[in-house]
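All ligand and atom numbering here is 1-based and tracks the order in the structure.
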Amino acid sequence: MEPEDDEEPPLAIAINDDVVVGETPPHPSNELRASHRPDFAEAPPVGVTVITGYLGAGKSTLVNYILNGQHGKRIAVILNEFGEEIGVERAMINEGEGGALVEEWVELANGCICCTVKHSLVQALEQLVQRKERLDHILLETTGLANPAPLASVLWLDEQLESDVRLDSIITVVDAKNLRYQLKSNHDSSSFPEAYYQIAFADVVILNKVDLIASDDCGVVLEDLEKDIHNINSLANIIHSVRCQVDLSKILNRRAYDATHAAHLEALLEENSTLSTSAIHDSGVRTLCICEMKKVDIDKVKMWIEEILWDKKYGMDIYRCKGILTVVNSDQLYTLQAVREVYEIVPTRKWKEEESRINKIVFIGFAYSWWKHLKAPWIHKLTWGFGDNSLGGHVQVVWVLKFFFIVYTEMMGIKRPLEEEDFPEPSFKQPKQLDYNKKLTSNTEESHLTTLRVDSPGRAKSIFFKSQFDGRLENGDICGASLVGKEFEPSAPLSLVTSSSREEDVVSGDTSVWSSFPGFIDFGLPRRLPQQFADPYISFLNSSPRKEVPIGPDHQAGIPLWDPNASRDNNGEEELMGTCIIPMPDANDSTIDEFRVGRGRTDCGCLDVGSMRCVQQHVTEAREKLRETIGDESFEELGFSNMGDEVACKWTPEEEQVFHEVVFSNPVSHGRKFWKHLRVAFPARTKRELVSYYFNVFMLHRRAVQNRSYSLDIDSDNDEDQKDAHGDLYRNGSNSLDPDTDNDDDQQGPNGECYAVGREEEDSTVESFGDQDLDTSWVDDFWSEPEHVSHDEGSKRNHDNTAGSIFEKQDAVEIDDRTEKMSSQETNKLYADHSFDS
Ligand SMILES: Nc1nc2c(ncn2[C@@H]2O[C@H](COP(=O)(O)OP(=O)(O)OP(=O)(O)O)[C@@H](O)[C@H]2O)c(=O)[nH]1
């Protein structure tokens with residue numbers, strides 16, 4: 001296992017313009033200490049105002065108001081957005097006429113600031129305060145679904161930051177129109193926990209949108225709302241506002257953490273530390289993001305939005321929607337804003353020349369039924385809303401956790417895009433890789449046209465202390481410099497959407513493949529180019545990476561001897577030996593035979609019985625039946641929605657392609673560890689997601705194909721050739737996607753039917769990992785190359801590997817046998833065991 005803890009964390013943002021390009025920037029934590037910065041040693045700490053509030057309450061309105069205010073302060077803003085909002089937010093931000101100007105845009109697609117990106121937050125702060133001499137204040141706008149507790153703990157309790165940054169105050173913006181509903185729902189059913197905690201932590205509550213309260217009973221309603229707020233937080237100052245136009249002296253430099261407030265905050269933090277994730281996040285909330293390049297007809301969009309918001313036509317309960325639109329016969333950028341059923345579409349400004357005109361709409365709301373609809377044909381209706389009936393590209397549906405974290409400051413006065421030189425020169429050692437790049441690019445260009453995403457909100461894992469946060473995997477480096485210094489060193493093999501050596505290839509890399517990697521900066525900034533493989537053949541010389549498993553009494557669990565006479569009176573572990581815990585069915589019961597496991601389905605009427613499609617259909621039916629039986633809530637809670645092929649929905653086709661490529665390009669026979677490369681290829685994916693995808697989707701698909709393959713159809717020379725997520729053939733080690741005509745029939749059944757590797761699911765699924773952190777460090781040590789599953793006892797119709805790899809084959813059989821026998825429970829246990837080990 002790599003000594004990750006010793007590594008420097010990836011930089012959040014290359015914000016220090018004093019650093020010469022090419023030089024390693026100084027470690028931020030060193031920079032942070034006043035002793036290392038004699039020039040600024042005396043400078044007072046920079047105040048950080050946390051602006052929080054539920055979805056659509058008016059946080060951005062407040063930020064815009066502050067940035068444009070005549071306060072004379074140089075303000076930096078850190079913005080953590082939820083879902084795929086970056087494009088939307090960025091376009092919507094008023095860059096300030098005479099007010100603050102945006103200097104830098106950075107996205108960290110790592111999760112909710114309150115859950116998973118605290119580490120990145122600290123780094124961003126560290127780097128901001130390095131320029132403290134030009135900075136008076138920092139605003140930190142959270143997502144509408146953030147719990148302020150972890151932020152408060154980072155800003156207030158963190159000793160490292162103490163000297164340079166101080167928590168000035170927590171401002172919570174609430175929506176006067178919707179607050180009642182949110183608090184009542186929280187009271188009745190624990191929905192909207194975020195709204196509750198945001199008020200609980202506030203120093204100031206801005207009771208915004210009072211203009212939306214009917215004027216007749218406005219006074220009474222506001223008084224009641226104030227009572228509600230004070231019931232949650234008696235210390236909060238409440239300010240009424242319309243469009244957050246408040247006296248800024250009541251917002252900035254409050255120095256709220258005097259003795260009284262500090263005690264209050266401390267008590268809250270203490271209380272919060274014991275809360276479970278589900279207590280602080282509404283687990284039903286999802287994000288759906290739709291992108292479309294074509295210009296839209298604004299009337300159709302309005303009709304479509306009204307159907308969604310007002311008629312709830314697609315079963316969605318939308319809490320929040322925002323978007324940018326490019327409209328026919330107009331060069332104006334239109335913004336769409338909706339909070340519950342109130343919406344507006346207004347022209348905001350002219351599209352800039354360098355901007356790519358796009359429609360991008362983000363919906364956030366209660367989610368269960370969305371998924372059903374996403375699979376259903378309403379997608380077509382939905383895109384029909386955009387001008388014409390054709391999709392113009394294929395629709396991707398993915399479930400991903402993605403949040404964006406943007407830092408911009410007013411110091412420079414103009415945007416400073418990253419320099420071309422900030423990005424590493426790629427090395428190109430394998431000409432074949434170039435073909436693959438081209439293929440990937442062309443495959444994905446069309447899919448760039450229409451993108452449909454469903455995002456899931458983050459779940460808090462380590463609530464309080466940043467030391468608990470493992471930023472390595474989840475915390476991708478957005479500027480690339482630090483990754484290049486570590487995982488992307490020239491010799492490090494990396495297989496993903498690799499770059500080519502030519503300039504035009506760099507340009508052609510601007511596809512949705514790139515956009516599926518959150519670790520780059522979108523909107524016109526140069527793409528970070530990952531490095532190529534080292535010589536793939538070199539590791540042929542290495543021995544098998546398989547680890548030795550020690551045996552003997554020192555390493556194995558003790559199993560007591562069977563004693564038929566053991567009585568329950570005995571204490572100790574023997575007492576249950578021989579005692580039937582789960583009653584077994586009566587062997588003489590004839591009805592049991594009917595349902596005997598292993599006989600296959602008796603009720604299947606599919607024409608393509610036994611095909612992967614057939615299996616998938618039955619699994620889906622069983623899943624739906626189970627959902628009906630146990631109810632949606634239990635279904636979600638037990639993790640069934642994160643199990644099996646459902647997991648694939650959280651991945652874009654491009655990501656899946658890269659996943660396959662990475663795994664197959666790092667085969668056991670080459671002594672490679674694909675987990676390591678997966679982590680590099682997917683810096684924003686958690687270990688849990690990687691492992692989950694591997695076991696729930698990748699492995700089951702492979703097994704499905706293998707189970708249906710005939711040994712005679714397989715060219716033994718190409719034993720390691722694999723098909724990727726979309727059925728394209730490529731060869732391990734060579735990274736070639738060149739189809740091998742010898743293997744054209746690899747996936748044909750006895751009657752010549754074709755088995756495409758697609759969205760199928762085998763009869764078994766692997767259980768989800770629940771809400772706990774999955775420590776997959778064992779993956780590095782133990783499960784080095786489980787993908788090498790080439791022999792299948794069960795199907796007797798498998799690859800017949802002949803010459804040249806006997807040693808590998810033995811390994812594979814062992815691994816295969818073990819996975820074959822693993823039930824989902826056992827698999828989970830295996831994860832758990834190894835998490836504990838490591
Ligand atoms: N009528 C009315 N609308 C307001 C007021 N304040 C903000 N809005 C509108 O409410 C919508 C949401 O405002 P934002 O500032 O984007 O809300 P937010 O809290 O940043 O939203 P998220 O980023 O989704 O969390 C926008 O359409 C605003 O124009 C107000 O006082 N009255």
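- Using a 4.5 Å heavy-atom threshold, the side chains of Leu336 and Ile305 count as touching.
- At a 3.5 angstrom cut-off on N or O pairs, Gly58 counts as close to ligand 1.
- Inclusion of Leu55 in the set of residues having an N or O under 3.5 Å from an N or O of ligand 1 is not warranted.
- Without hydrogens or angle criteria, Ser330 side chain to Gln332 main chain gives a donor-acceptor distance under 3.5 Å.
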Could you give me the CA-CA distance, side-chain angles and deciding distance for Asp224 and Arg180, then say whether side-chain contact (heavy atoms from CB on, under 4.5 Å) is met? CA-CA 9 Å; Asp224 286 349; Arg180 237 312 134 76; 3.3 Å; yes
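- Each of the atoms 31 (O) of ligand 1 lies under 4.0 Å from some heavy atom of Val242.
- Leu62 has its side chain out of reach of Asn208: every pair of non-hydrogen atoms, C-beta onward, lies at least 4.5 Å apart.
- Residues Tyr65 and Arg243 are not in side-chain contact: their nearest non-hydrogen atoms beyond the backbone lie 4.5 Å or more apart.
- An N or O contact shorter than 3.5 Å is missing between Ser241 and ligand 1 by distance.
- On a distance-only criterion, Cys244 and ligand 1 share no N/O pair closer than 3.5 Å.
- Between the side chain of Lys59 and the backbone N or O of Gly53, at least one donor-acceptor pair lies under 3.5 Å.
- If you look at Leu62 next to ligand 1, there are no close heavy atoms at all, none under 4.0 Å.
- The ligand atoms of ligand 1 that sit less than 4.0 angstrom from a heavy atom of Glu141 are 20 (O).
- Close to ligand 1: Ala57, with a non-hydrogen atom less than 4.0 angstrom away.
- A donor-acceptor pair under 3.5 Å is formed between the side chain of Asp168 and the backbone N or O of Arg254.
- When each atom of ligand 1 is checked for a heavy atom of Asp211 under 4.0 Å away, the hits are 1 (N), 2 (C), 30 (C), 31 (O), 32 (N).
- Asn359 contributes no side-chain N or O that, together with a main-chain N or O of Leu325, makes up a donor-acceptor pair within less than 3.5 Å.
- Residue contact check: Glu344 has heavy atoms under 4.0 Å from atoms 27 (O), 29 (O) of ligand 1.
- For ligand 1, the atoms sitting less than 4.0 Å from at least one non-hydrogen atom of Asn208 are 5 (C), 6 (N), 7 (C), 31 (O), numbered in the order shown with element in parentheses.
- Close approach of ligand 1 to Leu212 is summarised as follows: ligand atoms under 4.0 Å from at least one heavy atom of the residue are 1 (N).
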